[in-house]
Amino acid sequence: MPRFEPHPDRRPALIAGASSGIGAATAEALAELGFPVALGARRIEQCEALAAKIASNGGEAFAHYLDVGDTASVDAFVTAAEAALGPAEIVVSGAGDLSFSLVHEMSPEHFLQQINVHLIGVQRLANRVIPGMIARQRGDFVIISSDTANNPRPRMGAYPAAKTAVEVMARQIWMELEGTGVRASLVRPGPTLTGMGMDTTAEIIGPVLEDWSKWGFARHPEMLRAAHLATSIVAVVSAPRGAHIQLTEVQPEARVLSGDAGSRS
Ligand code: NDP
């Protein structure tokens with residue numbers, strides 16, 4: 001008898017936050033490898049366009065509206081996705097947005113909205129999908145965190161607090177799921193060029209970057225691409241049974257220095 005049942009051949013993957021950025025790149029990467037993918041986000045037309053592109057490339061994809069801030073919406077998304085593709089083998093929790101603000105200047109209502117998406121949104125997904133995974137004795141629940149977890153940067157509103165909380169929750173989930181066959185994993189990106197923060201203005205981002213530099217952040221200007229994170233998420237969920245990649249931090253590689261500037265001597 002093997003110590004672990006291997007992964008089944010068909011592993012439907014549900015992706016929250018699949019209309020752009022890391023979620024969209026992950027959906028494409030998984031679909032290319034033969035995983036059926038369910039794409040969820042509020043911009044359903046973007047999810048549908050990506051699902052059509054995946055299908056035209058020979059993949060299997062399903063799109064459905066999803067607002068992780070709303071329990072009924074999470075339930076509707078998971079129910080529809082599982083009806084279309086089969087029980088969730090993989091769930092990637094990547095939904096999120098960012099509002100730059102000093103903590104004391106952010107309205108409590110806006111602060112709560114951010115916590116609602118980044119922390120409780122993840123718990124909503126966990127509440128909806130993990131019991132089924134436990135019953136099947138397998139499944140990957142992947143949470144996209146941030147390198148601001150336990151490492152806050154100024155002027156990021158509720159974001160670092162929410163990401164720190166989600167990492168604490170993930171570590172608790174690891175303990176609670178030990179021995180069930182279900183793997184919960186954290187993928188912690190550094191700065192990544194996506195839709196996140198792109199709706200900001202020069203007046204807002206100027207002081208943000210000044211404060212970051214004052215506190216020692218942004219050591220170099222390179223940024224990750226969404227596809228880099230997709231590669232990491234694929235690696236996490238592709239780990240064979242018996243291995244559990246609990247935490248992956250991905251940072252942008254610094255540009256190779258050339259000439260005299262590159263000399264370390
Ligand atoms: P994008 O803005 O490109 O993607 C965010 C996705 O989340 C979109 O598909 C968006 O879709 C979705 N989303 C936002 N709010 C909700 C909601 N309430 N319900 C459902 N979906 C929602 O940014 P990224 O790809 O960068 O972000 C993905 C994850 O990566 C986030 O958790 C983010 O915190 C994290 N991250 C990003 C970093 C970066 O530098 N970009 C660094 C560290 C972590 P829609 O608006 O259509 O609902």
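Whatever order the structure lists ligands and atoms in, that order sets their numbers, starting from 1.
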(request) Please identify which atoms of ligand 1 are closer than 4.0 Å to at least one heavy atom of Leu66. (result) 19 (N), 20 (C)
(message) Treating Arg124 as the side-chain partner and Val68 as the backbone partner, does any N or O pair qualify as donor plus acceptor under 3.5 Å?
(response) yes
(message) Looking at ligand 1, is there an atom of it that comes within less than 4.0 Å of some heavy atom belonging to Ala25?
(response) no
(request) Report, in ascending order of atom number, the atoms of ligand 1 lying under 4.0 Å from any heavy atom of Gly17. (result) 6 (C), 7 (O), 9 (O), 12 (C)
(message) Is it the case that the side chain of Arg183 and the backbone of Gly181 share a donor-acceptor pair, with hydrogens and angles ignored and the cut-off at 3.5 Å?
(response) no
(message) For ligand 1, which is the ligand I care about here, please tell me if Ile22 has any N or O atom under 3.5 Å from one of the ligand's N or O atoms.
(response) yes
(request) May I ask you to say whether Asp75 pairs ionically with Arg128, meaning some side-chain N is under 4.0 Å from a carboxylate O? (result) yes
(message) Please check: side-chain N/O of Lys163 versus main-chain N/O of Ile144, any donor-acceptor pairing under 3.5 Å?
(response) yes
(request) Check ligand 1 against Ile144 and write out every atom of the ligand that is under 4.0 Å from a heavy-atom position of the residue. (result) 29 (C), 30 (O), 32 (O), 35 (C)
(request) Kindly identify the option in Gly94, Gly190, Ala149 whose heavy atom sits closest to atom 31 (C) of ligand 1. (result) Gly94
(request) Could you check which of Gly96, Gly121, Gly40 puts a non-hydrogen atom nearest to atom 7 (O) of ligand 1? (result) Gly96
(request) For atom 40 (O) of ligand 1, grab the closest protein heavy atom and report residue, atom and distance to one decimal in Å. (result) Thr192 N, 2.8 Å
(request) Determine whether the side chains of Thr148 and Ser146 contain a donor N or O and an acceptor N or O closer than 3.5 Å. (result) yes
(message) So, regarding Arg42 and ligand 1 (criterion: nitrogen or oxygen to nitrogen or oxygen, under 3.5 Å), is there a contact or not?
(response) yes
(message) Show the atoms of ligand 1 that are less than 4.0 angstrom away from any heavy atom in Ala18.
(response) 9 (O)
(message) Using a 4.0 Å cut-off to any heavy atom of Tyr159, which atoms of ligand 1 qualify?
(response) 33 (C), 34 (O), 35 (C), 36 (N), 37 (C), 43 (C), 44 (C)
(request) State plainly whether the residues Arg188 and Asp147 are in salt-bridge range, i.e. N to O under 4.0 Å. (result) no
(request) May I ask you to check whether over 12 heavy atoms, not counting those of Glu45, lie within 6.0 Å of atom CD? (result) yes
(message) Quick test of your reading of the structure: of Ile143, Asp67, Thr26, whose heavy atom lies closest to atom 18 (N) of ligand 1?
(response) Asp67
(message) With a 3.5 Å distance limit and no angle check, can you tell me whether Ser56 reaches the backbone of Lys53 through a side-chain donor-acceptor pair?
(response) yes
(message) Out of all atoms in ligand 1, which are within 4.0 Å of some heavy atom of Pro191? Include the element for each.
(response) 40 (O)
(message) Quick check on Gln137: does its CD atom have over 12 non-hydrogen neighbours (other residues, nucleotides or ligands) under 6.0 Å away?
(response) no
(request) Out of Met223, Gln114, Met196, indicate the one that has the non-hydrogen atom closest to atom 2 (O) of ligand 1. (result) Met196
(request) Search all heavy atoms of Ile173 against all heavy atoms of Ala184 and return the closest pair with its distance. (result) CG2-CB, 3.7 Å
(message) Please compare Thr194, Val74, Leu229 and report which has the shortest non-hydrogen distance to atom 24 (P) of ligand 1.
(response) Thr194
(message) Check this for me - ligand 1, Val68, N or O atoms closer than 3.5 angstrom, yes or no?
(response) yes
(request) Could you tell me how the ring of Phe77 sits relative to the ring of His64: parallel (under 30°), tilted (30 to 60°) or perpendicular (over 60°)? (result) tilted
(message) Starting from atom 4 (O) of ligand 1, what is the nearest protein heavy atom, named by residue and atom, and what distance separates them?
(response) Ser20 OG, 3.2 Å
(request) Report, in ascending order of atom number, the atoms of ligand 1 lying under 4.0 Å from any heavy atom of Lys163. (result) 32 (O), 33 (C), 34 (O)
(request) Check Ser146 against ligand 1 and report side chain, backbone, both or neither, counting heavy atoms closer than 4.0 Å. (result) both
(message) Considering both backbone and side-chain atoms of Gly195, is one of its nitrogen or oxygen atoms within less than 3.5 Å of a nitrogen or oxygen in ligand 1?
(response) yes
(request) May I ask you to identify the nearest protein heavy atom to atom 21 (N) of ligand 1, giving residue, atom name and distance to one decimal place in Å? (result) Ala95 CB, 3.3 Å
(message) One residue to check: Ala24. Relative to ligand 1, which of side chain, backbone, both or neither has a non-hydrogen atom less than 4.0 Å away?
(response) neither
(request) Look at ligand 1 and say whether His118 reaches it with a heavy atom at a distance under 4.0 Å. (result) yes
(message) For the backbone of Gly59 and the side chain of Asn57, can you confirm whether one donor and one acceptor N or O come within less than 3.5 Å of each other?
(response) no
(request) Using a strict 4.0 Å threshold on nitrogen-to-oxygen distance, state whether Arg138 and Glu89 make a salt bridge. (result) yes
(message) Donor-acceptor check, side chain of Thr180 to backbone of Ile134, threshold 3.5 angstrom: yes or no?
(response) no
(request) Mark up the atoms of ligand 1 that fall under 4.0 Å of a heavy atom belonging to Ser19, in ascending order. (result) 8 (C), 9 (O), 10 (C), 11 (O), 45 (P), 47 (O)
